[in-house]
Amino acid sequence: MDDDAVVANNLAGLLRAARQVISNNQALINDPNIGDKGLTGRVVLRQSLDLYKKTSAIDPETVDPATRVGKLLHAQMDAIIEATDANQATINAKGVGFKAFIPAVFARLVNEAFATRAKEIAQIKVTAPEQLVRNRKARPDEWEADVIRNKLLQADWPRGQAYSATVSTNGRGAFRMMMPEYYANSCLSCHGSPQGQMDITGYPKEGGKEGDLGAVISITLFK
Ligand code: HEC
């Protein structure tokens, strides 16, 4: 259970579930007629765990918090609560439609809150091929850029297959795993065509197509 790849898969899985919850609730979040939406950190975590447990063998709520995977999942659960609770004013703003509280922003905030709790042990980041990156904080580091270019973007790379390796990073040994994700049709209103046209969030669209490598969840577990 404390196997590196298992731990990395579980952290990625809970992040994906939390992001999905924010996606599922976009219509509610962007409803200008409702003030208090009841979408607190606890509620978002509850919905995330319900989704996550459908696919995972590890239950974050009952896993021993003294184990590495337990410690990290607890840090991630706390981060989900923090990132949601810190944005209640945005979520509950009456009279505002689109609030830009979207899955990608939420995932970044969760990962930042996770870092304040666990960055000596692990790092969770969502990155992408360099030319697609919007937020500079998401830029791939040298190792990530190399894996994206020479593995995940290669025509013969098996679709959806993660790449992992044990490498030295910031002077420390680390297990690192890169999990590819591809644009779905729902991504293209912002990341699609025409390239350069502003999307609803004020960023120029990237000209992406359905099925393109659009995101990579990058997990680092320090030795
Ligand atoms: C409503 C517009 C919108 C939609 C729809 C959308 N994104 Fe994004 N995406 C953004 C914005 C804005 C950011 C910058 C977030 C931030 O501030 O960190 C972003 C950031 C990202 C990032 C992080 C790297 C970066 O560029 O900063 C990835 C990866 C990503 N999006 C992939 C996707 C995928 C995959 C989908 C579909 C499942 C999707 N996005 C749907 C607007 C959108």
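Counting convention: from 1, in listed order, for ligands and their atoms alike. Since this is a predicted model, take the numbers as computed values, not measurements.
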Nearest non-hydrogen protein atom, atom 34 (C) of ligand 1: C187 SG, 3.4 Å
Is there a heavy atom in S186 that sits closer than 4.0 Å to ligand 1? yes
If we number the atoms of ligand 1 from 1 as shown, the ones under 4.0 Å from a heavy atom of G214 are 29 (C)
Any side-chain donor-acceptor pair under 3.5 Å between N10 and Y52? yes
Just by distance, do the side chain of D199 and the backbone of G202 share a donor-acceptor pair under 3.5 Å? yes
Test side-chain contact (heavy atoms from CB on, under 4.5 Å) on R176 and T169; report intermediate values, then the result. CA-CA 9 Å; R176 300 191 68 172; T169 183; 3.6 Å; yes
Backbone or side chain, does any N or O of N135 fall under 3.5 Å from an N or O of ligand 1? yes
With heavy-atom distances below 4.0 Å as the criterion, list the atoms of ligand 1 near A138. 24 (C), 25 (C), 27 (O)
So, K205 and Q195: side-chain donor and acceptor under 3.5 Å apart, yes or no? no
To the nearest 0.1 Å, how far is atom 1 (C) of ligand 1 from its closest protein heavy atom, and which atom is that? C190 SG, 2.7 Å
If you look at every heavy atom in K99 and I29, which pair is closest and at what distance? NZ-O, 2.5 Å
Below 4.0 angstrom from a heavy atom of Y203, which ligand 1 atoms are there? Numbered from 1 as shown, please. 12 (C)
Does R42 have more than 12 heavy atoms from other residues, nucleotides or ligands lying within 6.0 Å of its CZ? no
Is it true that a side-chain atom of E210 and a backbone atom of L188 form a donor plus acceptor pair closer than 3.5 Å? no
Closer than 4.0 angstrom, basic N to acidic O: yes or no for K94 and D31? no
The answer for which part of V216 has a heavy atom under 4.0 Å from ligand 1 is neither
Under 4.0 Å, counting heavy atoms only: does T127 come that close to any atom of ligand 1? yes
For N170 and R172, what are the C-alpha separation, side-chain angles and deciding distance, and is it a side-chain contact (heavy atoms from CB on, under 4.5 Å)? CA-CA 6 Å; N170 300 336; R172 290 175 70 186; 5.7 Å; no
State plainly whether one hydrophobic cluster holds both I124 and I148, where clusters connect Ile, Leu, Val, Met, Phe, Trp and Tyr through side-chain heavy atoms under 4.5 angstrom apart. no
Between Q26, K137, R134, which one has a non-hydrogen atom sitting closest to atom 26 (O) of ligand 1? R134
V105 heavy atoms within 4.0 Å reach ligand 1 at atoms 15 (C), 16 (C), 17 (O)
Closest to atom 12 (C) of ligand 1 among protein heavy atoms sits T201 OG1, 3.3 Å
Can you name the atoms of ligand 1, numbered from 1 with element, that are less than 4.0 Å from a heavy atom of I102? 10 (C), 11 (C), 12 (C), 42 (C), 43 (C)
Using heavy-atom distances, let me know which of A104, P140, G208, P103 sits nearest atom 19 (C) of ligand 1. A104
How does A215 reach ligand 1, if at all, at less than 4.0 Å between non-hydrogen atoms: by side chain, backbone, both, or neither? both
For Y182, is the NZ or CZ atom of R159 found under 6.0 angstrom from the centre of its six-membered ring and inside 45 degrees of the ring axis? yes
If the cut-off is 4.0 Å to any non-hydrogen atom of V133, which atoms of ligand 1 fall inside it? 26 (O)
Heavy atoms only, cut-off 4.0 Å: how does H191 contact ligand 1, side chain, backbone, both, or neither? side chain
Which ligand 1 atoms, with their elements, are less than 4.0 angstrom from a heavy-atom of R108? 16 (C), 17 (O), 18 (O)
Looking only at side-chain N and O atoms, does E144 offer a donor or acceptor that is under 3.5 Å from a partner on T127? no
Show which atoms of ligand 1 fall inside a sub-4.0 Å distance from at least one heavy-atom site of V126. 29 (C)
